[in-house]
Amino acid sequence: MSFSSLPTEIQSLLFLVFLIIYLVTLMGNGLILLVTWADPMLHSPMYFFLRNLSFLEICFNLVAVPKMLATLIAQDTTISFLGCATQMYFFFFFGVSECFLLATMAYDRYVAICNPLHYPVIMSTRTCAKLAAASWFPGVPVATVQTTWLFSFPFCGTNEVNHFFCDSPPVLRLVCADTALFEVYAIIGTILVVMLPCLLILCSYTRIAAAILKIPSAKGKHKAFSTCSSHLLVVSLFYVSLSLTYFRPKSNNSPESKKVLSLSYTVVTPMLNPIIYSLRNNEVKNALGRTFCKILSLRNCIP
């Protein structure tokens, strides 16, 4: 695994930085889970999907970060064959699920802004559950096929994965067989998994932008835009980092630069998401206040 070539002092510093980010990620997303579940004011489709996103971010973070921290602090750079395959499976599962979940959240915002009168009917509890299940499901076949196929190849050489987790490209370099068909599948699969949800998001926000422009008052436009600005920022962070990692030309895509870019969507983005939703969303900020008041039993708090 990666980081072994760095000086001990740098590894210790990185351990401290990544540990802080990891703890902030767990606490931030944990708070979002708690407040959206405990506060009745946030029992709406938008926050139901946000709760799914926060749970997914916690799981996504658990795939790579604990092993990376162990590598940095204990200098244990080894990972078993089964451990590597398991890590890759869940990385693909949660990564694909996040792509589709972000698209589902964009659809929710589209219905809320473009069809506000029919929103409670269209986004019923049953529909939301189905949409959430549909967002999580695509990760299963993608992760199963890609991981099983890749680890069915023979491996040779040093078996040294030049990355901080078992991603497909660095593991593929260790294969001693013809992987042309697998690479074609991987490219097509990545394009479909990333671009299909991205197109759905673009379509939703195109319709949302058109609806907002038709609102006569500036206050109304601002209110409508504020309901989806947090999601739009989260989508932008996720897709920009993902695109820079997997869709850059090979001539500009060195292993070291890919490691840095991979850190952005595996470590940094899961930490930023709850911060974005907390700072840019008054309902979440107010709900956090009410929840803390209940926990601390402050009688004088304003509800």
Side-chain contact, heavy-atom cut-off 4.5 Å: [X] with [Y]?
{"X": "Phe90", "Y": "Thr86", "result": "yes"}
{"X": "Val235", "Y": "His231", "result": "yes"}
{"X": "Leu56", "Y": "Leu101", "result": "yes"}
{"X": "Ser168", "Y": "Leu150", "result": "yes"}

Exercise for the section: Test Cys198 against Cys99 for disulfide bond (SG atoms under 2.5 Å apart), laying out the working first. Expected result: CA-CA 8 Å; Cys198 188; Cys99 288; over 6 Å; no
Exercise for the section: Assign the ring pair Phe55 / Trp136 to parallel, tilted or perpendicular, where the plane angle (0 to 90°) is split at 30° and 60°. Expected result: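 Tilted, since the angle between the ring planes falls between 30° and 60°.
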Problem - Tyr107 and Tyr110 aromatic ring geometry - parallel, tilted or perpendicular at 30°/60° bounds - result: tilted
With no hydrogens and no angle check, do the side chains of [X] and [Y] hold a donor and an acceptor under 3.5 Å apart?
{"X": "Glu57", "Y": "Asn273", "value": "yes"}
{"X": "Asp108", "Y": "Tyr119", "value": "yes"}
{"X": "Ser124", "Y": "Thr127", "value": "yes"}

Is it the case that the side chain of [X] and the backbone of [Y] share a donor-acceptor pair, with hydrogens and angles ignored and the cut-off at 3.5 Å?
{"X": "Asp39", "Y": "Met41", "answer": "yes"}
{"X": "Gln146", "Y": "Ala186", "answer": "no"}
{"X": "Thr179", "Y": "Phe182", "answer": "no"}

Exercise for the section: Start with the C-alpha distance between Ile113 and Cys228, add both sets of side-chain angles, then the distance that settles side-chain contact (heavy atoms from CB on, under 4.5 Å), and finish with yes or no. Expected result: CA-CA 9 Å; Ile113 293 173; Cys228 55; 4.1 Å; yes
Problem - Phe91, Phe92, Phe165 screened by ring pair (Phe, Tyr, Trp, His ring centres under 6.0 Å) with Phe60, the one that passes - result: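 Single ring pair (Phe, Tyr, Trp, His ring centres under 6.0 Å) partner of Phe60 among Phe91, Phe92, Phe165: Phe91.
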Problem - Steps toward side-chain contact (heavy atoms from CB on, under 4.5 Å) verdict (Asp167, Val171) - result: CA-CA 6 Å; Asp167 197 4; Val171 174; over 6 Å; no
Practice task
Just do the side-chain contact (heavy atoms from CB on, under 4.5 Å) check on Leu19 and Leu69 with the steps written out, would you?
Solution key: CA-CA 7 Å; Leu19 178 63; Leu69 292 173; 4.1 Å; yes
Problem - Hydrophobic cluster of Leu192, others only, ordered by chain and residue number, side-chain cut-off 4.5 Å - result: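 Its cluster mates, by chain and number, are Val184, Ile188.
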Practice task
Take Arg109 and Ser204 through the side-chain contact (heavy atoms from CB on, under 4.5 Å) test and state the conclusion after the steps.
Solution key: CA-CA 8 Å; Arg109 293 298 83 211; Ser204 295; over 6 Å; no
Exercise for the section: Measure from the ring center of Tyr185 to the ring center of Trp149 and say whether it is less than 6.0 Å. Expected result: yes
Problem - Other residues, nucleotides, ligands: >12 heavy atoms within 6.0 Å of His222 NE2 - result: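 Open.
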